[in-house]
Structures are given as C-alpha cells and as structure tokens.
2 protein chains.
Amino acid sequence: MPQLPSPAKPTIGDVAAKAGVTKATVSHAFSGRRPISEATKARVFAAAEELQWLPSASARALATRRANAIGIVLARDPEIIASDTFFPAFIAGVESVLATAEVALVLQVAGSRDAEERAYRAMASGRADGVIMLDLHRADWRVPYVHQLGLHGVVLGAYDAPSPFTCVRTDDATPMAEIVAHLRGEGHTRIAHVAGPLDYVHSHVRSQAYLAAVGSEDLLAEGDFGAASGRDRTAELLALPDPPTAILYANDTMAIAGLSYARSIGLSVPGDLAVAGFDDDHLSAHLSPALTTVATDPIERGRVCAEALLADIAGEPARTIQLDCNRLQLRASTQVQPTLQGEER
Amino acid sequence: MPQLPSPAKPTIGDVAAKAGVTKATVSHAFSGRRPISEATKARVFAAAEELQWLPSASARALATRRANAIGIVLARDPEIIASDTFFPAFIAGVESVLATAEVALVLQVAGSRDAEERAYRAMASGRADGVIMLDLHRADWRVPYVHQLGLHGVVLGAYDAPSPFTCVRTDDATPMAEIVAHLRGEGHTRIAHVAGPLDYVHSHVRSQAYLAAVGSEDLLAEGDFGAASGRDRTAELLALPDPPTAILYANDTMAIAGLSYARSIGLSVPGDLAVAGFDDDHLSAHLSPALTTVATDPIERGRVCAEALLADIAGEPARTIQLDCNRLQLRASTQVQPTLQGEER
DNA sequence: TCCGAGAATCAAACCGGTTAACGTCACCAC
DNA sequence: GTGGTGACGTTAACCGGTTTGATTCTCGGA
C-alpha cells in the first residue's frame, strides 16, 4: 500500500489564496451570512473543490462555541447493554434526524456514578451541545446536574419535578391495563407481574398500572430486565401454593425466558400459562407461540427526542411532549383461540 | 426552575489570572510537559478547582490537531440495527477501553453509500482521529477511501488485499466445521445452511466453511440476518421433496425464527429437526429447547478493535490480530440426548 | 455636484487552548 | 570570576475557522 506523502490538509487560507480572496470571503461564500457576488462565489467553490477542502470541525466548534454534536451517556453495565433491544433502535431514530442536521452523536458508557459525572462533564467541556437522558430514575440527580453544567437536554420519561428540560413522555399505564383486561377476558384471575427495577420511572409506572388493575401485590415480583431474572422470578411464582395462570413481564427478554422455563417444566403456553411481554422485541412475533406484547416504537422515541433536543439547542423553550407510540400486540401466547387480528403480515 | 445567569464558562486565562501566572503555566501544570514548582502547581490547581474550570475540548482539539475521539459509521438500515444483537455489545467493548483513555466515541448511521461517504468525510474533518470499520465486504471500498482521507483505522474481518490498517480477524470456519461434525455425530446427513448476505466477508466465510464440510450446495440458502428471512428460508427448505433434518443458521435471530416456524408446522426440535445458530444471542440459552450456537464474544472484539485503533493513532505500525473468541455452545436444540456439558451455569 | 446607501470585500480581532523560544535565577565546577 | 546547566516562567505565535468594523466602489436622487 503506497504510503501517502501526508497530503497536508488544506485550510480555509489555502482556498482563499487559490481563489484570490481572503479567508473571510470564503467563509461568507459558504455560510451566506454576507452577500458575495456570484462570480467570486464560483471561484471560491471551484478552489475548494479542487483542493478537496473540508472545514475543520474543531476550528469551527471553537469559533462558534457549538460542538454540533449531542451526547448520550449510558449508565449501564456492558452486559446489560448487550442484551438491550431498546437502545440500538433508539439510536437509529436519533440518527435519522441528526443526519439531516449535520450533527454528530457522541456516545459514552459509564459504569459508575463517578464515571457518569465525568462523562457529563466531558460533554459539557465542548464535546456536545446537549444530551438525551434515558432510563430516568425518580428524582433523577442528572437533571439538576446537567442543567448546572450549562448543557441543553431532553429527558425521556416522566420527570415529575419542574424540569428545565423538555420531557418526552409516553403512556405505559394504558397498555398495561389493556393487557390485564384482555387476560381477564380470557378467564384469568391470578395474574402476576415481573417488573423491572422499581427505581426506574418506567418500571415503576408499569407496576403501578398493574397494581391498579389487579388490586393486589401478592403476585408482584421485581426482576432486572435480564433473561436470567425472568427465568428465576417465573420459577418462584410457579412454585407458589396457588400459582398464577398468567404472567405479565416488564420486557420481552424476561417474558421469553419465563415462557421457556414454563415450558421446560411441562406447562403449555398459553394453555396452562398465559405470557405477555413489553417492548416487542424483534423476535417476539416469530416465536411459537408468538408473544403478546406492547410495541413501543423506540425508533420514533429516538426521533422525537432528537428533534426536541435540537429545538432546545436552537433556543426554543422547554416543553412536555406526550407521545402516543405504544401499541398492544395481541398474539398467541395469551389466547387459546386464535384470533384474526391480522396485525402480523 | 431558576434560570441560570449564564455562568460564562471560565477559560484557562481566568484560571491563570486567579493563580497569578500565565496561560502557559497553567497548561504545563496540568500536562506536566514542563517542570512547574509544587507551590505554583498548587495555586493553579486551587484556582482551577475554585472556578470549576474544564479545558475546552474544541480548543484543545484545534491546538493539538487531535479530536480525541474515534468514529464508527454504521451502514445499515435502521430496522436492521434495531434487531442486531452484535452491535450494542461491540460498542460496550469499545467503550470499556475508550473510557480510560478519555477518548470519545462518535457514531453515525448512514443509509446510503452517499451518506456513508459524507459520514467518513465528516469524521476526517476533525470529528475523529480514526474509525473502526465493521461488516466488511469483499474488496471493501472503504479501506482505500478512509486511508485517502488521512484517517487512522481498524477493520474487523478478513481483508485479503494488503491493507494500511490493522485487521482484527476471527476464525469462523472452525466452529462451522465443528457444528457440522457434531450434527453428523447425531446422525444427520441432510444438513442445510441459511447464510447471511453473501457479499459480507463473514457470511461468505461461514458459508464456505459449511460447503467445505458438507460438500454440496443443494441445501444452501441466503437470508439477510432478519427474523422474517429466517422463517421464510426455513419454510422453503422444509418444503423440499427431501427436506433437511438439520439447519445451521448464520445467526441466532434467523435460527430462532426458523425454529419457531418448524414447531408451528408440527415438527419437534430437535427430534424432527435439529437447529443451530451463530452469535449466542442473550436469549438463546434461555429458550426451550436451548439453542446450540457459537458465542462470538462481541465485547472482546470491541475491546481489541479499540485498543488496536488507539495504538494505530499513537503511531504504532499496522498489523494483523488473530482473535480466538469463538466458542461452540452445544445445547438441546441439536441433541436428543441431554449431555452434561455444563457450560451453562 | 455632492451625499447617502447598499453591495462586495478586506483586515484584524477573537475563540481557548498548546508549544517553541527565550529570559532569569540559583547553584556548581574549575 | 567565568561559563555551564537545570529549574521555572513568560512571551508570543499558532491551530483554522467566524465575525465585526472598516474600506472601496457604484449608483440613484436631491
């Protein structure tokens, strides 16, 4: 492979010299912030093209005090990230709006609270103009912290205290109630729930909705969204003297693991045990029985969060956005009689 | 929420003034590139602490000509990203080494070839010092392109032409041969393979290994790694006059979809049909039957790629790294008799 | 004829760091 | 004394853009 003779990247000065103008003119020609004659513009563009000039992102960032990037700090254990079906889709949604705005996405994984603070400080030091905060906790410390750092921000989830940031909320309670109603319609009376960690806002909301619908916390268990915990909580529930006939999981990963466990001990699904998940993992429609779940459209969530953040950075005031992107997917894992719902293609 | 009076971020100049020294001294005190007396250092650090000074990433990037960031451009359809189990784990591995090096990760999703080129140019314009290239194609255009842009790089996968970049390779052929041997040992003679898109290097390698072991391409089908294609290819294979008794899939997503399809038409697994996947999705060990597959340790791959890239950026010469991270996981989906292999905890 | 306005461009300051070159001063050997 | 050396700081240039305040030129109107 021919070792390149280090082409010495051209700068705006080189372009200006080649076009016979000054740096300022080149800048104006591209930004359009001052009128430049068509003739000069043409010369400038030609020179830039010929030199293959790319404006330096860091120089521009320094001069404009804009990183032209947004950040996401993931405070999760790498192993959990690996098993997370939400995150990549969310990113895809975010990127779909960033791409057209020429804004980059900076990602950081932080294992500890300390690493997390460092990550946000790094963002604030000029790596990003704003951040999207996921996996909201109740009274999340990040909201005041990020605000004090002078960053723009958007939170995904219900933040109850007054927030300086735009807040993108979804209604997870309604689909939970719908599932319970559906299971009741199928004749179930002992309906259990395997929740996610209850200090997450979304886990909490889902379990509250479950409690409201069922009226008892006898059959409420707390998992951690991982497959192993789905299996273990299921084993515990099924070992009860009066075990549930239906289990509602806070995500599909736990539901699938639970479903498999139930079958491995000889139960039939949905005959002996009805199973429902949450999230609509890409596999859930392709299992047998296909899994009843709630499609949460993470791509759409990503898109809306990114748009809200760009708006915030552009100076628009913070607001609350209510998203309606949850869709109940009734499938075979909760109904003995096949329906002709037809949401599967 | 109290509107902050725009704290006017402190600069190195403010710190210098407060400590009664010049900017250069502050810089040296922190970088240690010139000796500074303990007394002065203490004053500088105190001033920085008091002012909550964070050095500006963009100013530093401009001055040092280093972005202190690396990039990954994902050339995939958002829908496919969403169903990808490899990617988040890989990212987690990458981050685990970046975090300690204070290097950021810039992500870009590019839907088209054109967008992809733009993304790499953006990286080259100072957003990143180097990139990791995934999903290598045979004779991938990105290798010369990225090199010409003056970026550092690492490719994951077997690039056969001489490459200016460090190349991280894995041996996917051996586990494929092992699975075939294992299936033969179970008595199977009609063994099919549902490959991924064959223009990907890794799909190609896997299918070649399959062909070498089986000796016929009668039962080779090409999928796209998505669940739907796993189901459809399976349906086609099982509809053959002389259908296979074992199917080997290029990833777990297709395998799980295929397995479910087989069961939905009344076949038992592994009794009537043995099924094996590739990747060891987080769910695979928790299905019933648990899925025989190959654990590919994407976290480790990410870690090694990131280390190699940082080394390259630091000026070390490119090299080829052979990774041994594939582990065959024999589970119930391919063996009628339960074994006591015990690799499951 | 002279003035004012607007268009097009230039020159220079500025963003916030890093770094090469240079100045001091103290100390030591000869 | 003289010269050399190392430690510690300072000055000023530089990185590659953007932006602001002149400057020049043209043209229309009073």
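No experiment lies behind these values; they were computed from the predicted model shown. Only this structure's heavy atoms are used, side chains among them; waters, hydrogens and symmetry mates stay out. Per chain, numbering begins at 1; letters A, B, ... match sequence-line order.
B/Val15 places none of its side-chain heavy atoms less than 4.5 Å from the side chain of B/Glu50. A/Phe86 has its side chain within reach of A/Arg301: a pair of non-hydrogen atoms, C-beta onward, lies under 4.5 Å apart.
Under a cut-off of 6.0 angstrom, the local environment of CZ in A/Arg138 is crowded, with over 12 non-hydrogen atoms contributed by other residues, nucleotides or ligands.
From one end of the helix from C/dT1-D/dA30 to C/dC30-D/dG1 to the other, with five pairs defining each end axis, the axis direction shifts by 60° (rounded to 10°).
Smallest separation of non-hydrogen atoms from A/Pro144 and A/Tyr159: CD-OH, 4.1 Å.
By the salt bridge (charged side-chain N to carboxylate O under 4.0 Å, His left out) test, B/Asp297 pairs with no residue at all, sequence neighbours left out. Scored by the ring-ring contact (aromatic ring centres under 6.0 Å, His included) test, B/His137 finds B/Tyr200 as partners (sequence neighbours excluded). Partners of A/Phe87 under the ring-ring contact (aromatic ring centres under 6.0 Å, His included) rule, at least two apart in sequence or in another chain, do not exist in this structure.
Side-chain N or O atoms of A/Ser27 include none that pairs as donor or acceptor with a backbone N or O of A/Lys23 at under 3.5 Å. For the pair A/Asp129 (side chain) and A/Ile70 (backbone), a donor-acceptor distance under 3.5 Å is absent. With B/Thr64 contributing its side chain and B/Arg60 its backbone, the two residues share a donor-acceptor pair below 3.5 Å. In terms of modelled atom types and a separation under 3.5 Å, the side chain of A/Arg169 and the main chain of A/Ala158 share no donor-acceptor contact.
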Would you give me the side-chain donor-acceptor pairs under 3.5 Å for residues 307-322 of chain A, sequence neighbours excluded?
from: A/Asp312; atom 1: OD2; to: A/His152; atom 2: ND1; distance (Å): 2.8

Identify each donor-acceptor pair in which a side-chain atom of residues 117-125 of chain B lies under 3.5 Å from a protein atom, sequence neighbours left out, and give them as a table.
from: B/Glu117; atom 1: OE2; to: B/Arg113; atom 2: NE; distance (Å): 2.9
from: B/Glu117; atom 1: OE2; to: B/Arg113; atom 2: NH2; distance (Å): 3.2
from: B/Arg118; atom 1: NH1; to: B/Asp114; atom 2: OD2; distance (Å): 2.9
from: B/Arg121; atom 1: NH1; to: B/Tyr145; atom 2: OH; distance (Å): 2.9
from: B/Ser125; atom 1: OG; to: B/Ala122; atom 2: O; distance (Å): 2.8

Sequence neighbours excluded and cut-off under 3.5 Å, please list the side-chain donor-acceptor pairs for residues 92-104 of chain B, or say none.
from: B/Ser96; atom 1: OG; to: B/Gly93; atom 2: O; distance (Å): 2.7
from: B/Thr100; atom 1: OG1; to: B/Val97; atom 2: O; distance (Å): 3.1

Could you pull out every donor-acceptor pair under 3.5 Å between side chains of residues 51-58 of chain A and any protein atom, sequence neighbours left out?
from: A/Ser56; atom 1: OG; to: A/Ser58; atom 2: N; distance (Å): 3.4
from: A/Ser56; atom 1: OG; to: A/Ser58; atom 2: OG; distance (Å): 3.4
from: A/Ser56; atom 1: OG; to: A/Ala59; atom 2: N; distance (Å): 3.0

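Of all the residues in residues 121-130 of chain A, not one reaches under 4.0 Å from DNA chain D with any non-hydrogen atom. For DNA chain C, the residues of residues 55-65 of chain A within the heavy-atom distance limit of 4.0 Å (strictly under) are A/Leu62, A/Ala63, A/Arg65, sorted by number.
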Dump every N/O contact between nucleotides 8-11 of chain D and the protein below 3.5 Å, one line per pair.
from: D/dG9; atom 1: OP1; to: B/Ser37; atom 2: OG; distance (Å): 2.8
from: D/dG9; atom 1: OP1; to: B/Thr40; atom 2: OG1; distance (Å): 2.2
from: D/dG9; atom 1: OP2; to: B/Ser37; atom 2: N; distance (Å): 3.0
from: D/dG9; atom 1: OP2; to: B/Thr40; atom 2: OG1; distance (Å): 3.3
from: D/dT10; atom 1: OP2; to: B/Thr22; atom 2: N; distance (Å): 3.3
from: D/dT10; atom 1: OP2; to: B/Thr22; atom 2: OG1; distance (Å): 3.3
from: D/dT10; atom 1: OP2; to: B/Thr25; atom 2: OG1; distance (Å): 2.6

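Between the CZ atom of B/Arg33 and the C1' atom of D/dA7 there is a distance of 18 Å, rounded to whole Å.
Using a 4.0 Å cutoff to heavy atoms of chain A, the contacted part of DNA chain C runs 5' to 3' from C/dA8 to C/dG16.
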